[in-house]
Enquirer: 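Take a look at this one; I'll ask things after.
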Number of protein chains: 2
Amino acid sequence: MLAVMSNIASGNAIAAVAALIGDPTRANMLAALMGGRALTAGELAWHGGISAPTASGHLAKLAEAGLLSVEKQGRHRYYRLSSANVAQAMESLMALAGTGPKRHRPVGPKDEALRAARTCYDHLAGRLGIALADALRAREHVHLADGVGAVTPEGERFFREFGVDLTSGSLGKRPLCRACLDWSERRHHLAGRLGAGLLDRSLALGWLARNPDSRAVAVTAEGERGFAEIFGLPEHWRDPP
Amino acid sequence: MLAVMSNIASGNAIAAVAALIGDPTRANMLAALMGGRALTAGELAWHGGISAPTASGHLAKLAEAGLLSVEKQGRHRYYRLSSANVAQAMESLMALAGTGPKRHRPVGPKDEALRAARTCYDHLAGRLGIALADALRAREHVHLADGVGAVTPEGERFFREFGVDLTSGSLGKRPLCRACLDWSERRHHLAGRLGAGLLDRSLALGWLARNPDSRAVAVTAEGERGFAEIFGLPEHWRDPP
DNA sequence: TCAACGTTTCGGCGCAGGCCGAAGCGTGGG
DNA sequence: CCCACGCTTCGGCCTGCGCCGAAACGTTGA
């Protein structure tokens, strides 16, 4: 009886947060925030396809539950995912959403762009993310076995040279190199501080360009060259597996 | 516009599965199945605190969405989580559920047992799971850095001697050693094939005993001795951190 | 063959919650 | 100083869905 009560309590807590994500409008807002950037309430209302008052209610619930954090800036209010844990939960739900009995996938061009390269909260995902992880593994800069990994000493030097300092900031507060299950490719890519640093540096170098309308990122000409020369990325990384 | 449609589509897919988990009754059923064992529809109705007809409807929905798989056996129907992905999604939602602003936790004795040692789908969690991961790391049988890990060659030999064969079965189909975020301790324990093998072998040796009413597992006298001798588990592993 | 049991289907009740329009703040620009 | 703008609060509508009782179906055991 007591065991049941304990189960019921934990189940209710799970249900509360799952129900928040379980509304299509809120899910679309959260999906829009998976790009890692903060968006205003108005932008999120647009992404959800609803009026401003309704969006405000949804955002208040998400913020109160701790899924979103708010930042006032003038007469705008910027909302962002409050932690990488939220993004991870969204990703794991995405993985489940793909495994259903429905198999038909009318892949559009936009969808294809997302599969090629996109941001996953604050790091890279898609075929580019996986190809980078493979290349770093081949050069033994990260040690990946069965989908998990750690940074080698040589890797640490390599990343520092590339411009990613893994020791700065909140050391130990966040996993350095985490494996994140890729929604479209069903393999793991690099997350954690390392994944975030690689994305930031690639953007700063002009190797990647964000798409203002979606999570997709484009690889620039310098990026193609740089990823091939510095990381040893194969030329056919865009090809579907 | 197309980008939005793509976002809306993905958001709706996420919302569909999240809404399934987002009902308290269904969440409690899923939590009951987190023990890894298959339960009958009647047992699940009892766990959810509802009548048999209502439970049947919930279970049909969960099965159709691919979250549960069914097995007919006489006049019983056994339901189980259809994959470890479902368990992982539940765990990540649990982690989110704990981070809310609500901080009060009236920890009961049953809850305490769950925090000490429990199953997480098919592997060990709680303080025991974390202590085992720590001990294996100290002996360099697994390599854990920043919450992720891999099995070392010495570890492979050690686990084979212990009775866990990591090469058999569906090799490569499932990650060998995955890091799973612990709901109660906020640290990582061992999952994947290695975690599942350790739990199975410990149960077979009589070191652990399942609790028929909850996910909690008890450590037997032989288990205390064995974990200390073979794994080098410290005696005070039960102490809260 | 019949009765008991576990499970599912059906029909109807009731409420939680998503949605909007109108109105009420607070901020920034003219 | 006032208006325009972004956002929130309030009130009311309405759909969706979780719930149960009654009844049907299939299996097991006598």
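Chain naming here is simple, since letters A, B, ... match the order of the sequence lines and numbering starts at 1 in each. Only heavy atoms go into these numbers, but all of them, side chains included; no hydrogens, no water, no symmetry mates.
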Enquirer: OP1, OP2 of C/dG21 versus side-chain N and O of A/Ser51: anything below 4.0 Å?
Expert: no

Enquirer: Return no unless some side-chain N or O of A/Arg77 is found under 4.0 Å from OP1 or OP2 of D/dG6.
Expert: no

Enquirer: Please name the pair of heavy atoms, one in A/Arg210 and one in A/Val217, separated by the smallest distance, quoted to 0.1 Å.
Expert: CA-CG1, 4.3 Å

Enquirer: At under 4.0 Å between heavy atoms, what does A/Tyr78 touch on the DNA or RNA strands: base, sugar-phosphate, or nothing?
Expert: nothing

Enquirer: Tell me whether the OP1 or OP2 atom of C/dC19 has a side-chain N or O from A/His58 closer than 4.0 Å.
Expert: yes

Enquirer: D/dC7 C1' sits how many Å from A/Leu39 CG, rounded?
Expert: 16 Å

Enquirer: Taking atom C1' of C/dT27 as reference, at what distance in whole Å does atom CD of A/Glu71 sit?
Expert: 16 Å

Enquirer: Is any side-chain heavy atom of B/Leu20 closer than 4.5 Å to one of B/Arg26?
Expert: yes

Enquirer: Applying the side-chain contact (heavy atoms from CB on, under 4.5 Å) test to A/Leu44, which of A/His58, A/Met29, A/Arg77 qualifies?
Expert: A/Met29

Enquirer: For A/Leu33 and A/Arg37, work out which heavy atoms get closest and say how close.
Expert: CD2-O, 3.6 Å

Enquirer: Which whole-number value in Å describes the distance from B/His76 NE2 to D/dG29 C1'?
Expert: 13 Å

Enquirer: Within the structure, does a side-chain N or O atom of B/Thr40 lie under 4.0 Å from either OP1 or OP2 of C/dG6?
Expert: no

Enquirer: Classify the nucleic acid contact of B/Ala52 as base, sugar-phosphate or nothing, counting any heavy atom under 4.0 Å across all strands shown.
Expert: base

Enquirer: In whole Å, I'd like the distance from the CD atom of B/Glu64 to the P atom of C/dT9.
Expert: 11 Å

Enquirer: Just the rounded figure in Å: distance from C1' of D/dT9 to CG of A/Leu59.
Expert: 14 Å

Enquirer: Can you pull out how bent the helix from C/dT1-D/dA30 to C/dG30-D/dC1 is, comparing the axes over its first five and last five pairs, to 10°?
Expert: 30°

Enquirer: Taking only N and O in the side chain of B/Thr54, is any of them less than 4.0 Å away from OP1 or OP2 of D/dC19?
Expert: no

Enquirer: Would you give a per-nucleotide map of nucleotides 22-28 of chain D, 5' to 3', where B means the base has a protein non-hydrogen atom under 4.0 Å away, S means only the sugar-phosphate does, and - means neither?
Expert: B----BB

Enquirer: Would one find a side-chain N or O of B/Lys61 under 4.0 angstrom from OP1 or OP2 of D/dG18?
Expert: yes

Enquirer: Provide, to the nearest angstrom, the distance between the CG atom belonging to B/Leu62 and the C1' atom belonging to C/dT7.
Expert: 16 Å

Enquirer: Over how many whole Å does the gap from B/Trp46 atom CH2 to C/dT7 atom P extend?
Expert: 15 Å

